[in-house]
Amino acid sequence: MNLLGKLDWSAIPLHQPIIMGATAFMGLIVAAVLGFITMKGAWPYLWREWLTSVDHKRIGVMYCILALVMLLRGFSDAIMMRSQQAVAAGGAQGYLPPEHFDQIFSAHGTIMIFFMAMPFVVGLMNFAVPLQLGIRDVAFPTLNSVSFWLTAAGALLINVSLAVGEFSKAGWWGYPPLSELQYSPGVGVDYYLWSLQISGLGTLLAGINFVTTILKMRAPGMSYMRMPVFCWTSLATNLLIVAAFPVLTAALAMLLLDRYLGFHFFTNEAGGNQMLYANLFWVWGHPEVYILVLPAFGVFSEVIATFSGKPLFGYRSMVVATMAICVLSFFVWLHHFFTMGASANVNGFFGIMSMVIALPTGVKIYNWLFTMYGGRVRLSVPVLWTVGFMVTFVIGGMTGVLHAVPPVSFQLHNSVFLIAHFHNVIIGGVVFGAMAGYTYWFPKAFGFALDERWGKASFWCWLVGFYLAFMPLYLLGLMGMTRRMQHYDNPAWQPWLIVAMIGAIVILGGIICQIVQLVVSIRDRDRLRVTADPWNGRTLEWSTASPPPAWNFAFAPNVTGRDAFWTSKRQEQARQDKPAPARAYEPIEMPKNSATGFVSAFFAVIIGFSMIWHIWWLASVGVFGAFVTLLAFAFRRHPEFEVPAEQIARFERAQQSGAAA
């Protein structure tokens with residue numbers, strides 16, 4: 001009996017120099033970071049303040065750090081694909097063999113959707129939503145930590161596949177029969193399935209946590225129609241997560257049963273149905289598009305109102321549009337496979353619904369434009385990302401409406417026109433929104449702002465690079481170029497693919513500018529130091545210190561209208577001659593740090609890795625460890641600690657004296 005299951009030395013791809021070079025580079029970076037932390041003696045601080053923290057703000061920051069790291073990993077795949085296609089024309093085969101190219105496009109989609117975009121929007125929600133609601137933490141703080149660490153565990157498994165074994169060659173959607181054992185006998189699909197199952201569980205737990213938080217925990221006086229729009233879009237997002245992610249979990253579980261136990265859920269010749277997987281995947285997959293983009297819509301709403309210096313135009317219509325998208329997103333999934341052979345009535349219904357869902361998005365665009373109209377717009381970096389989004393996303397939306405017409409979809413299906421459309425809405429919507437939120441809330445998280453010059457340079461590189469990289473794909477799609485081509489024989493395509501590669505290089509320049517921006521901002525943090533309210537904000541997060549204390553608010557805010565902080569500032573100005581009476585500080589109970597999340601992720605990685613390689617005894621150890629961790633958490637004593645009133649008063653006095661100075 002082999003104690004290591006299918007794992008042996010052949011799992012390390014020594015014969016592929018590109019993979020081994022990337023692995024060595026990644027290993028050097030990890031070793032350098034760990035060495036630096038060790039040299040600085042920072043491990044106790046990291047363990048105490050970050051790795052075991054249940055503070056929603058720190059968890060949100062860690063989500064965003066994970067997303068930015070995975071952006072680098074996913075973008076490296078993207079630039080390899082673009083450069084391969086730019087040179088692999090006619091007799092030239094390029095530098096990526098077909099089996100490696102297949103792994104790259106599968107890993108790129110999986111990483112960017114599940115481990116870059118998802119952590120980024122969840123991180124922004126983690127950081128901002130409790131502050132905007134005027135509360136001290138989420139409903140289940142320790143569960144919040146578990147959610148993050150399970151997501152990180154899935155990301156780790158994806159990266160392990162680079163060095164040990166291989167990754168899936170079946171695309172980021174994993175369609176059978178290609179993903180079945182008969183056609184993918186290696187461990188690549190197993191890496192895909194277990195990483196998504198583990199991270200998907202973390203995302204589902206986060207969704208339950210935020211739905212509970214928003215519905216049940218709000219400051220006194222904050223009714224639903226007084227919530228900031230970002231809280232509404234977060235509510236819609238997490239309702240979609242709770243409704244849609246179990247469907248993905250079930251689909252992937254059935255595929256796992258097919259591969260491990262010889263079931264035939266998706267094997268047509270054995271009584272299953274391959275289209276069952278396609279339906280289940282896209283019943284999750286199209287709501288997932290809105291899971292990603294709705295928080296970005298919320299970020300743009302906050303940015304536009306703040307930097308226009310006026311209330312958001314059409315607040316109620318924004319709320320209605322948000323919840324309409326939430327509902328309608330479950331009625332459009334079939335437009336992903338109009339060519340499956342459904343009846344004209346079925347295709348017609350889903351085509352109409354795919355057009356209808358564009359209407360609430362249009363409402364939002366007009367509301368943002370009307371908010372800017374008549375306002376004194378400050379063209380700071382978050383506003384640039386927002387304006388760039390509005391132009392870019394409208395183009396992506398129009399091409400999306402084209403796909404909603406079944407006859408057009410028959411022509412464009414499986415072409416790079418679809419790739420251009422998808423990136424048009426994901427980069428122009430989600431990535432631009434994430435970057436706007438990152439720049440907008442960075443000073444609140446760290447107490448100093450990001451450098452504006454490098455931020456603007458990054459934005460222009462991203463915007464110009466995006467158009468260079470993806471506009472040619474629209475033309476190539478109309479010229480007949482299909483997706484996922486490692487090599488092509490039509491020389492007329494090559495000039496456009498070279499332009500697309502140049503666009504990817506320009507985007508790389510934008511990413512480098514963001515790295516430089518962060519380094520410069522940290523170096524010059526004393527010059528960039530900010531007050532609690534650097535943007536003249538409108539919502540409650542700007543009423544706290546920058547960065548906020550662990551308890552967020554010394555006293556629960558009393559909300560009397562929309563734009564709660566803006567309203568309170570106006571009220572303070574009105575009563576300057578009558579200062580508010582002093583209030584006595586009281587002790588605050590806060591949840592203790594917990595290693596539950598970190599330890600759960602450790603055992604989740606053991607379970608996933610051992611199941612991938614059929615190391616059954618190690619999987620049993622992982623399951624037992626996870627169970628013991630759960631028991632230890634369930635029977636914990638004294639889960640909270642008390643922050644003394646004197647400490648709170650001392651902090652508040654320091655903040656008030658700093659603001660006065």
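Note: hydrogens, waters and symmetry copies are ignored here, and every other heavy atom, side chains too, is used.
For the ring pair (Phe, Tyr, Trp, His ring centres under 6.0 Å) test, residues two or more places apart in sequence or in another chain that qualify with Tyr474 are Phe417. Every salt bridge (charged side-chain N to carboxylate O under 4.0 Å, His left out) that Arg259 has, sequence neighbours left out, goes to Asp190. Not counting sequence neighbours, the partners of Phe446 by the ring pair (Phe, Tyr, Trp, His ring centres under 6.0 Å) test are Phe442. Evaluation of the side chain to side chain contact (heavy atoms under 4.5 Å, CB included) rule for Phe127 yields Lys57, Leu131, Trp441, Lys444, Ala445 as partners, not counting sequence neighbours. Evaluation of the ring pair (Phe, Tyr, Trp, His ring centres under 6.0 Å) rule for Phe114 yields Trp284 as partners, not counting sequence neighbours. Checked against salt bridge (charged side-chain N to carboxylate O under 4.0 Å, His left out), Arg453 has the following partners two or more places apart in sequence or in another chain: Asp451. With sequence neighbours excluded, the residues satisfying ring pair (Phe, Tyr, Trp, His ring centres under 6.0 Å) with His286 are Tyr290, His335, His336. Residues passing the salt bridge (charged side-chain N to carboxylate O under 4.0 Å, His left out) test with Glu302, sequence neighbours excluded: none. Residues meeting the side chain to side chain donor-acceptor pair (under 3.5 Å) test with Asn414, sequence neighbours left out: Arg483, Arg484.
Listed by first and then second residue, the side chain to side chain donor-acceptor pair (under 3.5 Å) pairs that reach into residues 460-470 are Thr392-Tyr467, Trp462-Gln514, sequence neighbours excluded. Applying the side chain to side chain donor-acceptor pair (under 3.5 Å) rule to pairs touching residues 71-81 yields Arg73-Asp77, Arg73-Asn159, sequence neighbours excluded.
Inspection of the Glu452 and Ser380 side chains reveals an N or O donor paired with an N or O acceptor under 3.5 Å.
Other residues, nucleotides and ligands contribute more than 12 heavy atoms inside 6.0 Å of the CZ atom of Phe410.
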Under 3.5 Å donor-acceptor pairs involving side-chain atoms of residues 13-28, not counting sequence neighbours:
residue : atom : partner : partner atom : Å
Thr23   : OG1  : Ile19   : O            : 2.8

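Distance alone, capped at 3.5 Å, is enough to place a donor-acceptor pair between the Gln84 side chain and the Leu96 backbone. The main-chain N or O of Gly510 is found under 3.5 Å from a side-chain atom of Ser458 such that the two form a donor-acceptor pair.
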